[in-house]
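One-based numbering along the sequence shown.
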Amino acid sequence: MSRERLYLFDTTLRDGAQTNGVDFTLHDKQIIAQMLDELGIDYVEGGYPGANPTDTEFFAEKPKLEYAKFTAFGMTRRPGRSASNDPGLAALIEAKADAICFVAKSSAYQVRVALETTNEENLASICDSVATAKAAGREVMVDCEHFFDGYKENADFALACAKAAYDSGARWVVLCDTNGGTMPHEIETIVGAVTKHIPGSHVGIHAHNDTEQAVANSLAAVRAGARQIQGTLNGLGERCGNANLCSLIPTLRLKSEFADALEIGVTDEKMATLMKVSRTLDDMLNRAPNRHAPYVGESAFVTKTGIHASAVLKDPQTYEHVSPESVGNHRKVLVSDQAGRSNVMAELDRAGIPYEKSDPKLARLVEELKEREAAGFAYESADASFDLLARRTLGRVPEYFKVEQFDVNVEQRYNANGQRITVALAVVKVDVAGERLISAAEGNGPVNALDVALRKDLGKYQKYIEGLKLIDYRVRILNGGTEAVTRVLIESEDENGESWTTIGVSPNIIAASFQALMDSVVYKLVKSGAPA
């Protein structure tokens, strides 16, 4: 029996960007778009070209996506304007995108109060905008804003808006629960009614999470025949967020009701990277991951001491509804040192680090991890630092060099142009095989200066780190006050484009940064096979 295709549309970079405290840079958007493409998402909505400089620049050149369709978002033509004389519509047509997603009112109340126009003009705006974008060779979809509230108020007009989009050539007509207050049974009933007029293979759902039911509402729409789901990674979005794709993807693939009837673009292999994708986004935004998030949360597969833990040790299916490995997570049984050993061995297997099960050093590694995690280290976000900690504890990392001393000074002064500037100067003293080397460097900040000075001269190891560069630096304060403990995550990249993350934790931000910098350099030497 063939399965129907269900399409996933990600709006993290547009609707997710409306989250309080979230502000994507151009570089962030480029990385996230690639990450979504690699995951197997069908549509990546990049933002609103013309609305701000970042989005305009993002759409100036289409990202090289292998799978996903790059989508621009914007409004239908304004009331009283022609499609050829609307700057917003022109910006969408000029954007380097595969598809255009228009937002259009589908509530008579919203048309009257928010747009201050007539129902007829609103319908004409939808038709004109879709026809213009389709004539320009774009795949077109229309987000019918406030659809469910509008349907309950005036079903005929809400349906007329959806039909206008479909009849004008829209590939997708997306029904939006914009205020997030519709119940799942209402969603299922209304979507079922819409699919009598528009084929479900052209109907999508866009649910907000104001009643904590965005995922449930999305699934209800699918049950009623909708074949596109719009959502965001980690449920980002305005107010309480959007439907969480990190919850929807595994449910669609692992629950038989959906998996037996529907096919999505995310394969089992790609779904196994879902936890990493979720954590990567949190790290980029400097947000603490939700420990209790379904599927990808740190606690999603944790069992504590008691009959539950005992049962899980006998057979994980006793208290796990899916395999944690299917989403890139892993099981934690907080019951004994033996369970701790099992968890660490699973991490070592994932990292490809050889070990002997009978090695007593494994117990030492377990205790070391517990102590460090209690102090604020988070190795799930720092793969390279975990690798080094494990190798050091098991006795497999040479001491390539020893940092004897480092010093950082920050000075504020006037330059030759009379401008007040801040300059950081770092001096690092290292011992490389008995040779003492001293390097100094200036930087735009103390960490940058330290980074440059450390990598300026490592003697015989210098050739191994020539291609190493720092590409991201993130700081998180773990507790409040002036004596707060600081966690630093540094992402580095080598000459082949491979990247890794290292971590440092200390009450002193410079010390924490230096720990992460050191791990980055040493990991590069290990990775390059540098001789001891």
Side-chain angles (χ1 to χ4, degrees), residues 5-17 22 24-47 58-59 61-72 96-99 101 139 228-236 242-254 259 262-285 287 289 293 295-296 324-330 350-352 380-384 471-472 474 489 491-501:
R5 186 68 161 85
L6 176 65
Y7 294 84
L8 299 177
F9 180 109
D10 181 274
T11 180
T12 301
L13 300 178
R14 200 272 305 172
D15 220 341
V22 168
F24 294 117
T25 65
L26 177 62
H27 182 61
D28 290 339
K29 289 202 165 201
Q30 292 167 338
I31 291 175
I32 294 168
Q34 292 292 336
M35 186 167 67
L36 291 166
D37 181 51
E38 291 170 6
L39 182 61
I41 300 298
D42 298 290
Y43 296 89
V44 172
E45 189 174 57
F58 192 29
F59 281 95
E61 183 178 349
K62 190 161 65 176
K64 295 179 175 61
L65 305 181
E66 293 185 12
Y67 178 80
K69 291 185 178 180
F70 190 47
T71 306
K96 300 296 189 296
D98 303 301
C101 182
E139 181 175 328
Q228 187 203 91
I229 296 177
Q230 294 194 356
T232 59
L233 293 178
N234 295 339
L236 292 181
N242 288 38
N244 189 347
L245 290 176
C246 293
S247 298
L248 281 164
I249 289 169
T251 297
L252 293 168
R253 281 210 65 88
L254 300 175
L262 302 166
E263 180 182 6
I264 62 174
V266 181
T267 64
D268 285 341
E269 180 184 11
K270 293 300 184 181
M271 188 171 66
T273 69
L274 194 59
M275 181 177 179
K276 182 179 180 182
V277 168
S278 171
R279 292 296 176 85
T280 298
L281 179 64
D282 280 330
D283 286 340
M284 289 177 68
L285 296 175
R287 291 161 59 101
Y295 295 106
V296 297
E325 290 77 17
S326 63
V327 292
N329 208 332
H330 56 278
R350 270 190 289 277
E380 288 176 346
S381 301
D383 50 351
I471 59 173
D472 200 6
R474 301 182 294 274
L489 288 168
E491 187 177 355
S492 305
E493 188 177 81
D494 66 10
E495 60 275 12
N496 299 316
E498 295 182 32
S499 62
W500 58 89
T501 304

K.L.:
Any idea which heavy atoms bring A272 and E325 closest together, and the distance?
P.N.:
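Where A272 meets E325 most closely, the heavy atoms are CB-O, 3.9 Å.
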K.L.:
If you measure from OH on Y43 to CD on Q228, what distance do you get to the nearest 0.5 Å?
P.N.:
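The OH atom of Y43 sits 6.5 Å away from the CD atom of Q228.
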K.L.:
Could you tell me how the ring of F59 sits relative to the ring of F70: parallel (under 30°), tilted (30 to 60°) or perpendicular (over 60°)?
P.N.:
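Parallel, since the angle between the ring planes stays under 30°.
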K.L.:
Distance from L65 atom CG to D37 atom CG, nearest 0.5 Å?
P.N.:
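Those atoms lie 4.5 Å apart.
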K.L.:
Look up atom CZ in R279 and atom OG1 in T501, then write down how far apart they are to the nearest 0.5 Å.
P.N.:
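OG1 of T501 is found 12.5 Å from CZ of R279.
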K.L.:
About how many Å separate CG of L39 and OG of S278, when rounded to the nearest 0.5 Å?
P.N.:
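That separation rounds to 11.0 Å.
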K.L.:
Say whether, by atom type as modelled, one donor and one acceptor occur between the side chain of T273 and the main chain of K276 under 3.5 angstrom.
P.N.:
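No; judged by distance alone, with no hydrogens or angles, the pair does not exist.
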K.L.:
If you look at every heavy atom in G40 and Y67, which pair is closest and at what distance?
P.N.:
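Looking at all heavy atoms of both residues, the closest pair is O-CE2, 3.1 Å.
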K.L.:
Test N242 against every option in T12, T11, D15, T232 by the side-chain hydrogen bond (donor to acceptor under 3.5 Å, both in side chains) rule and name the one that passes.
P.N.:
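Between N242 and the candidates, side-chain hydrogen bond (donor to acceptor under 3.5 Å, both in side chains) is satisfied uniquely by D15.
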K.L.:
Donor-acceptor pair, distance only, cut-off 3.5 Å: does the side chain of K29 make one with the backbone of G46?
P.N.:
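At least one qualifying donor-acceptor pair exists.
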K.L.:
For G16 and L236, work out which heavy atoms get closest and say how close.
P.N.:
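So the two residues come closest at CA-CB, 3.8 Å.
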K.L.:
How many angstroms lie between CG in L233 and CD1 in I249, if you round to the nearest 0.5 Å?
P.N.:
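Reported to 0.5 Å precision, the distance equals 7.0 Å.
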K.L.:
What are the two closest heavy atoms between R14 and G47, and how far apart are they?
P.N.:
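For R14 and G47, the tightest heavy-atom pair comes out as CG-CA, 3.6 Å.
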K.L.:
Run the side chain to side chain contact (heavy atoms under 4.5 Å, CB included) test on E491 and I471 for me, step by step, so that the C-alpha distance in whole Å, both residues' side-chain angles and the decisive distance to 0.1 Å come before the verdict.
P.N.:
CA-CA 6 Å; E491 187 177 355; I471 59 173; 3.6 Å; yes
K.L.:
If we only count heavy atoms from C-beta on, is the D98 to E139 side-chain gap below 4.5 Å?
P.N.:
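D98 does not reach E139 side chain to side chain.
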K.L.:
With a 4.5 Å cut-off on side-chain heavy atoms, are M271 and V266 touching?
P.N.:
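A side-chain contact exists here, since the closest heavy-atom pair is under 4.5 Å.
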K.L.:
Answer yes or no: is there a side-chain heavy-atom contact under 4.5 Å between D283 and D472?
P.N.:
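With C-beta onward as the side chain, the pair stays apart.
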K.L.:
Using 0.5 Å steps for rounding, measure from the CD1 atom of I31 to the OG1 atom of T280.
P.N.:
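Separation between the atoms: 9.5 Å.
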K.L.:
I'd like to know if the side chain of N244 and the backbone of N234 have a donor-acceptor N/O pair within less than 3.5 Å.
P.N.:
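Between the backbone of N234 and the side chain of N244 there is a qualifying donor-acceptor contact (under 3.5 Å).
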K.L.:
Quick check against the 3.5 Å criterion: does D10 have a side-chain atom that pairs as donor or acceptor with the backbone of V44?
P.N.:
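Not a single qualifying donor-acceptor pair exists.
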K.L.:
Taking side chain as C-beta onward, heavy atoms only, is R287 less than 4.5 Å from V22?
P.N.:
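Counting from C-beta outward, R287 and V22 do come under 4.5 Å.
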K.L.:
Give the minimum heavy-atom separation between Q30 and F58, together with the two atoms involved.
P.N.:
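Nearest heavy atoms, Q30 then F58: CG-CE1, 4.0 Å.
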K.L.:
Measure across N329 and Y295 and return the closest heavy-atom pair with its distance rounded to 0.1 Å.
P.N.:
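Distance-wise, the nearest heavy atoms are ND2-O, 2.9 Å.
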